[in-house]
Amino acid sequence: MKVIFLGTPDFGIPALQAIMEHHQLLACVCQPDKVGTRGRTEFCAVKKFALQHNIPLYQFEKVSRDGVQILKDLAPDIMVTAAYGQILSQEVIDIAPYGIINIHGSLLPELRGAAPIQYAVLLGLEKTGVTILNTVRKVDAGPTIVKKSLDILPFETNGQLFERLSVLGAEAVIEALDLIEKGQAVYTEQDEEQATFTGKITAEQERIDWSKSSTDIINLVRALNPSPIAWTTWQGKRLKIHELRPCDLQFDGVPGQVVLCTKKQLAVMCGDNKAVYITVLQAENSKCMPTTAFLCGKRIEVGTILGE
RNA sequence: CGCGGGGUAGAGCAGUCUGGUAGCUCAUCGGGCUCAUAACCCGAAGGUCAUGUGGUUCAAAUCCCAUCCCCGCAA
């Protein structure tokens, strides 16, 4: 089929690759370039891919306003979205005969919205997946075509899960496209009663609240890895926490208090009276490093309370 | 030209303000202690102090200038 792909970050790349191999990829659409860190602008993953493979690329400020006629002229059979980042108007949805299908990183109707994968980790779920659904005006609410699930590993980070789901998403989207092409696709309406919604992670959520349970804190840390990274403070400066592990030793202390600091280990008390080992961290202006390396140059005295 | 921090041994840091023999903690290697050890003790190796073989100076890791790279914040 003739496909137009709309997506921006890494998530859609495996799917994009697969579509390019199995179908006729007419063009890619991604968000406009953003000013990156420290003034530099960096192209998004989809733009890099398109440039590298000589695929026509469009970056509309608002696709619903600027892109309708252009995309219509390309005469696609179907359009595929994967973390594109713009809400689509009915006009856009109606461009292709088969409409638009979206690759969503959860088992819908659970975890609709902007950050399904992060929330799957944040909530400590043991299972999630990808859903291919038909796009309708309401976000992630259209009928589903293909669902694939997988188990979330015990200490898996958002980044690791993200990568696995993006590969699974590629399988699923090809399956869906084939079904649609053969006229065998079954569109299943979602159960609205079961729907849950995820908003974007806010800056306030990134700060670790040590009074929460060790499990919640560990889940937060892995949900925010590799970006934007959960943090606390030490000596008035930010201390990013990249990775935590549960600690079975018993200590007395208040939430946020450093209860163990040796040459190799650093443990902090949480709200449920359990401690966690900090295993990978990053001080301000410094690189991310294992705690063992950090402790070679600096020590945090036992009794210090983080996050104040 | 958004604001700021940094580049010193394989790793993480101190030393820079106040120029004057290159330090610390890990890791590595050798030896010792121990029932044993990721613990402890003794010793060794390992650095043109990011680059310009730039400027100032009797003397530069340290002061001045330029360049490259890394990082935090803000967007």
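Within every chain, numbering begins at 1; the chains are lettered A, B, ... in the order of the sequence lines, protein sequences first and strands thereafter. From a predicted model like this one, the values you see are computed outputs, not experimental measurements.
If you check residues 283-301 of chain A against RNA chain B, the residues with a heavy atom closer than 4.0 Å are A:E284, A:N285, A:S286, A:K287, A:M289, A:A293, A:F294, A:C296, A:G297, A:R299, listed by number. For the segment residues 240-252 of chain A, residues with any heavy atom less than 4.0 angstrom from an atom of RNA chain B are, sorted by number, A:K240.
Rounded to whole Å, the separation between the C1' atoms of B:rC58 and B:rC1 comes to 41 Å. Going from the P atom of B:rA9 to that of B:rC24 covers 14 Å, rounded to whole Å. The separation of B:rC40 from B:rU51, taken at their P atoms, amounts to 35 Å, rounded to a whole angstrom. Rounded to a whole angstrom, the distance from the P atom of B:rA61 to that of B:rG23 is 13 Å. Remark: the separation of the P atoms in B:rA45 and B:rA22 is 16 Å, to the nearest Å. Between the P atoms of B:rG7 and B:rU62, the separation comes to 12 Å (whole Å). Here the separation of B:rC41 from B:rU8, taken at their P atoms, is 28 Å to the nearest Å. B:rC73 and B:rG31: their P atoms are spaced 48 Å apart (whole Å).
Base pairing annotation: B:rG2 forms a Watson-Crick or G-U wobble pair with B:rC73, both donor-acceptor distances under 3.5 Å. Pair assignment for B:rA44 gives B:rU28, based on Watson-Crick or G-U wobble hydrogen-bonding distances that are each under 3.5 Å. Across all strands shown, B:rU34 remains unpaired; no Watson-Crick or G-U wobble contact has both distances below 3.5 Å.
Within a 6.0 Å radius of CD1 in A:I70, more than 12 heavy atoms belonging to other residues, nucleotides or ligands are found.
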Mind listing the side-chain donor-acceptor pairs of residues 273-280 of chain A below 3.5 Å, one per line with the distance, residues two or more places apart or on another chain?
residue : atom : partner : partner atom : Å
A:T279  : OG1  : A:E243  : O            : 3.1
A:T279  : OG1  : A:E243  : OE2          : 2.9

Using atom types as modelled, flag every donor-acceptor pair under 3.5 Å from a side chain in residues 168-175 of chain A to any protein atom, sequence neighbours excluded.
residue : atom : partner : partner atom : Å
A:E175  : OE1  : A:K148  : NZ           : 2.9

What pairs of donor and acceptor atoms, side-chain ones from residues 298-308 of chain A against any protein atom, are under 3.5 angstrom apart with sequence neighbours left out?
residue : atom : partner : partner atom : Å
A:R299  : NE   : A:L295  : O            : 3.0
A:R299  : NH2  : A:L295  : O            : 3.3
A:T304  : OG1  : A:E301  : O            : 2.6

Which side-chain N or O atoms in residues 91-103 of chain A pair as donor and acceptor under 3.5 Å with protein atoms at least two apart or in another chain?
residue : atom : partner : partner atom : Å
A:D94   : OD1  : A:Q90   : NE2          : 3.1
A:N102  : OD1  : A:T81   : OG1          : 2.8
A:N102  : ND2  : A:D140  : OD1          : 3.4

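Geometrically, A:R65 does not engage A:F60 in a cation-pi contact defined by less than 6.0 Å to the ring centre and at most 45° from the axis.
Residue pairs satisfying the ring-ring contact (aromatic ring centres under 6.0 Å, His included) criterion with at least one member in residues 157-212 of chain A, sequence neighbours excluded, are listed as follows: A:F11-A:F162. Note on residues 220-264 of chain A: no pairs pass ring-ring contact (aromatic ring centres under 6.0 Å, His included), not counting sequence neighbours. The side chain to side chain donor-acceptor pair (under 3.5 Å) analysis of residues 54-63 of chain A, with sequence neighbours excluded, yields the pairs A:D33-A:Q59, A:K47-A:Q59.
Applying the side chain to side chain contact (heavy atoms under 4.5 Å, CB included) test to A:E181 and every residue at least two apart in sequence or in another chain returns A:M1, A:H23, A:D178. Under the side chain to side chain contact (heavy atoms under 4.5 Å, CB included) criterion, A:K264 pairs with A:T262, A:T292, sequence neighbours left out.
When the options A:V29, A:L26, A:D66 are evaluated for a side-chain contact (heavy atoms from CB on, under 4.5 Å) with A:L71, the one that passes is A:V29.
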Could you list all N or O pairs between the protein and nucleotides 36-46 of chain B that sit under 3.5 Å apart?
residue : atom : partner : partner atom : Å
B:rC40  : OP1  : A:K263  : NZ           : 2.9

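A sub-4.0 Å separation between OP1 or OP2 of B:rC71 and a side-chain N or O of A:Q282 is absent.
As rounded to whole Å, 13 Å separates atom P of B:rC71 from atom CD1 of A:I229. Rounded to whole angstrom, the span from the NZ atom of A:K237 across to the P atom of B:rC13 amounts to 12 Å.
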